[in-house]
Amino acid sequence: MATETGEITIVCNHCDRDIPAPNIDLHRVHCARNLEKCKICGDMVPKKHAEEHFSNTHAPVPCLMCKETIDREVFNSHTEEICPKRMVTCEFCEFPLPALDLPEHQEVCGNRTELCYQCNSYVRLRETYNHETKCPGSVLNNVESSRRVPRAAEGDGNGRRRRDNGVSNKRLFFTIAITGIAVLIGSLFFQRKPEGS
């Protein structure tokens, strides 16, 4: 075979590379003595580094989470998608836990309830999406929304209106924060002793 420069090359039967014809004899001796073809990937590797090549490139790797030995080619997919001890997040509470424990956790967590402020009823977390699309108190699903008062704003039967929990909680936290700051400033002010005493 000839190259672009017109130089004649011969394929080495050991490494399958094109070698210039004048160098082929010397190359074959050196190649056969020093290099070997990896049985797995086919790369030519120096004989003295063959074991190192295998252990760094092809040897199975122990998973640090589940202690199982995994082929290196699928190690990343194992640790990210398959390993039963990989960390995943609960879709309801966003708590991180091992994948092995997720189904049992979500069974319990998804059965927790939260108050729907549209219709003032408690809804399981696992049913939240379906409830939001069919909620009788939702403006989107309520044909008579302009005439109807949401139950959250109705009186409690004693002529008093119920407070919106979100607003009252914010007021409570604000009051606690202001009180805490006032106490802190007061304690710093009254801790100072007169220098003359």
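All heavy atoms count here, side chains included; hydrogens, waters and symmetry mates do not.
- Across all their heavy atoms, I10 and I24 have their closest contact at O-CD1, 3.9 Å.
- When side chains are defined from C-beta on, P98 counts as touching M87, because their heavy atoms get closer than 4.5 Å.
- Rounding to the nearest 0.5 Å gives a distance of 9.5 Å between NE2 of H105 and CD of E91.
- In plain terms, the two heavy atoms of C90 and L97 that are nearest each other are N-CD2, 4.2 Å.
- Cluster membership for I185 and I178, using ILVMFWY side-chain heavy atoms within less than 4.5 angstrom, is not shared.
- Across every non-hydrogen atom of S55 and R72, the tightest pair is O-NH2, 2.7 Å.
- Note that CG of D16 and NZ of K37 are 4.0 Å apart. Values are rounded to the nearest 0.5 Å.
- Atom CZ of R17 is surrounded by 12 or fewer heavy atoms from other residues, nucleotides or ligands within 6.0 Å.
- One distance of note links CZ of F92 with CZ of R126; it measures 5.0 Å at 0.5 Å rounding.
- Surrounding CG of L64 are at most 12 heavy atoms belonging to other residues, nucleotides or ligands under 6.0 Å away.
- Remark: side-chain polar atoms of K47 are paired, donor with acceptor, to backbone N or O of A32 under 3.5 angstrom.
- Taking NE2 of H58 as the start and NZ of K39 as the end, the distance is 11.0 Å to the nearest 0.5 Å.
- For E127, the CD atom counts as densely surrounded, since its 6.0 Å shell holds more than 12 non-hydrogen atoms of other residues, nucleotides or ligands.
- Between E114 atom CD and R124 atom CZ the span is 14.0 Å, to the nearest 0.5 Å.
- Annotation: the span from L125 atom CG to T113 atom OG1 amounts to 7.5 Å, rounded to 0.5 Å.
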For C63 and K85, run side-chain contact (heavy atoms from CB on, under 4.5 Å): C-alpha distance rounded to whole Å, both residues' side-chain angles, the deciding distance at 0.1 Å, then the answer.
-> CA-CA 10 Å; C63 175; K85 295 200 175 178; over 6 Å; no

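- Judged by distance alone, with hydrogens and angles left aside, the side-chain atoms of R28 form no donor-acceptor pair with the main-chain N or O of H14 at under 3.5 Å.
- Closest non-hydrogen pair, F54 versus I40, comes out as CE1-CD1, 3.5 Å.
- Other residues, nucleotides and ligands contribute at most 12 non-hydrogen atoms within 6.0 Å of the CG atom of L26.
- Pairing each heavy atom of V123 with each of C116, the nearest pair is CG2-CB, 4.1 Å.
- Other cluster members for M44: L35, joined by side-chain heavy-atom distances under 4.5 Å among Ile, Leu, Val, Met, Phe, Trp and Tyr.
- R86 places no side-chain N or O within 3.5 Å of a backbone atom of C66 that could act as its donor or acceptor partner.
- Residue V61 is grouped with residue V74 when hydrophobic side chains (ILVMFWY) are merged at heavy-atom distances under 4.5 angstrom, including chains of intermediate members.
- Taking all atoms of both residues into account, the shortest heavy-atom contact from P60 to D71 is CG-OD1, 4.1 Å.
- Around atom CD of E73, more than 12 heavy atoms belonging to other residues, nucleotides or ligands sit under 6.0 Å away.
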Go through H27 and N23 one step at a time and tell me if the side chain to side chain donor-acceptor pair (under 3.5 Å) criterion holds.
-> CA-CA 6 Å; H27 170 81; N23 301 341; over 6 Å; no

